[in-house]
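Below is one structure, written out as structure tokens; the observations come after it.
Below, each value reflects all heavy atoms present in this structure, side chains not excepted, and no hydrogens, waters or symmetry copies.
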Amino acid sequence: MAITDKIYIKNHRQIASQLERSIPKGAFKGATMDLLFTGDGIEKLDEATREKVLDFAEDFLDCDCDNNPYCGHPERKFIKYLLELRAQGMGPDAIVNTMTAEYMLYAYSGDVLSFLDQAIRRLEAVESLAEVEGDQEMARKARNAKQALSG
């Protein structure tokens, strides 16, 4: 299961009530993405919530694909965001706090920790395969990325 399947909307019930409609708790679920992408009913949200929702849409749903928001770019952008927060030295708790403050999203710290651990394991595999193939540049890039995530 991808980390984006474990990213949830903070104050989900309150937001659903303001929108006067049922929405999934998951930030990257189809109905949630439809709502964010179309902006249908967003004007019903209180100003602070609307700002966070619009920030999320602007930062993660902005692409020119025909299949947007179902093209995979929002999820990839969010994964990159998580990895960048880790590269800045944040641990799982700080990452969760930051995503909550910036976008009103949350995840369980253990899920974020597991995601980061998997990312490091994948980079170790890339590094090893690159060395076997003699691609020292790729091995170096994987090693540097792994060190940035390992903190």
Side-chain angles (χ1 to χ4, degrees), residues 1-16 18-19 23-127 129-130 137-151:
M1 182 177 281
I3 186 66
T4 52
D5 293 332
K6 299 176 183 180
I7 304 297
Y8 306 103
I9 301 170
K10 184 109 173 139
N11 303 329
H12 169 261
R13 286 191 186 122
Q14 176 187 350
I15 292 171
Q18 288 178 22
L19 292 170
I23 59 169
K25 201 171 188 179
F28 290 91
K29 298 293 183 197
T32 307
M33 299 286 274
D34 280 341
L35 173 73
L36 295 174
F37 188 68
T38 63
D40 188 32
I42 299 256
E43 70 279 350
K44 295 177 184 177
L45 297 173
D46 63 70
E47 188 176 339
T49 302
R50 187 177 33 230
E51 278 185 34
K52 302 292 184 193
V53 167
L54 292 174
D55 286 345
F56 176 84
E58 183 179 307
D59 291 349
F60 301 107
L61 300 181
D62 186 26
C63 87
D64 295 328
C65 293
D66 290 339
N67 294 332
N68 192 13
Y70 305 108
C71 57
H73 288 123
E75 292 86 350
R76 285 194 289 275
K77 287 178 181 180
F78 195 81
I79 287 170
K80 183 178 178 185
Y81 165 76
L82 294 176
L83 293 172
E84 287 171 351
L85 292 177
R86 176 61 187 143
Q88 293 172 19
M90 292 186 192
D93 290 334
I95 289 171
V96 170
N97 291 338
T98 300
M99 79 169 76
T100 300
E102 291 181 351
Y103 303 111
M104 290 184 64
L105 300 176
Y106 75 94
Y108 295 102
S109 295
D111 288 338
V112 174
L113 178 63
S114 178
F115 162 73
L116 294 171
D117 185 59
Q118 280 182 328
I120 290 169
R121 301 295 158 244
R122 285 188 179 135
L123 288 167
E124 287 173 345
V126 168
E127 180 183 3
L129 289 171
E137 179 64 19
M138 181 56 70
R140 183 189 60 74
K141 286 180 181 179
R143 188 171 27 263
N144 290 344
K146 180 181 71 175
Q147 289 171 347
L149 292 181
S150 297

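If you take CZ on R122 and NZ on K146, they are separated by 15.5 Å, rounding to the nearest 0.5 Å. The CD1 atom of I7 sits 11.5 Å away from atom OH of Y108, with the distance rounded to the nearest 0.5 Å. Q147 CD to L123 CG: the interatomic distance, rounded to the nearest 0.5 Å, is 10.5 Å. One finds the CD1 atom of I23 at 4.5 Å from the NE2 atom of H12 (value rounded to the nearest 0.5 Å). Atom CG of L85 is separated from atom NZ of K80 by 12.5 Å, given to the nearest 0.5 angstrom. Atom CG of D34 is separated from atom NZ of K29 by 13.5 Å, given to the nearest 0.5 angstrom.
Taking all atoms of both residues into account, the shortest heavy-atom contact from I9 to A27 is CG1-CA, 4.1 Å. Across all their heavy atoms, A139 and A130 have their closest contact at N-CB, 3.5 Å. For T32 against G26, the heavy-atom pair with the smallest separation is OG1-O, 3.0 Å.
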Please table the atom pairs, donor to acceptor, closer than 3.5 Å between any side-chain atom in residues 91-101 and protein atoms at least two apart or in another chain.
residue, atom, partner, partner atom, Å
D93, OD1, S109, OG, 2.4
N97, ND2, D93, O, 3.3
T98, OG1, A94, O, 2.8
T100, OG1, V96, O, 2.9
T100, OG1, L105, O, 2.6

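H73 contributes no side-chain N or O that, together with a main-chain N or O of D64, makes up a donor-acceptor pair within less than 3.5 Å.
Checked against salt bridge (charged side-chain N to carboxylate O under 4.0 Å, His left out), D59 has no partners two or more places apart in sequence or in another chain. With sequence neighbours excluded, the residues that form a salt bridge (charged side-chain N to carboxylate O under 4.0 Å, His left out) with E124 are R121. Every ring-ring contact (aromatic ring centres under 6.0 Å, His included) that Y81 has, sequence neighbours left out, goes to F60, F78, Y103. The salt bridge (charged side-chain N to carboxylate O under 4.0 Å, His left out) check on K141 picks up nothing, with sequence neighbours excluded. Scanning for ring-ring contact (aromatic ring centres under 6.0 Å, His included) contacts around F115 gives an empty result, with sequence neighbours left out. For R140, the side-chain contact (heavy atoms from CB on, under 4.5 Å) partners two or more places apart in sequence, or in a different chain, are E137, R143, N144. Shown here are the side-chain contact (heavy atoms from CB on, under 4.5 Å) partners of A2, two or more places apart in sequence or in another chain: T4, D5. For D62, the side-chain contact (heavy atoms from CB on, under 4.5 Å) partners two or more places apart in sequence, or in a different chain, are K77. With sequence neighbours left out, A119 forms a side-chain contact (heavy atoms from CB on, under 4.5 Å) with L83, L149.
In this structure, M104 and I15 have side chains that are in contact, with non-hydrogen atoms separated by less than 4.5 Å.
Within the structure, the side chain to side chain donor-acceptor pair (under 3.5 Å) test picks out the following pairs touching residues 47-58 (sequence neighbours left out): D46-T49. For residues 100-115, the salt bridge (charged side-chain N to carboxylate O under 4.0 Å, His left out) pairs, not counting sequence neighbours, are K6-D111.
Around NZ of K44, the count of heavy atoms belonging to other residues, nucleotides or ligands within 6.0 Å exceeds 12.
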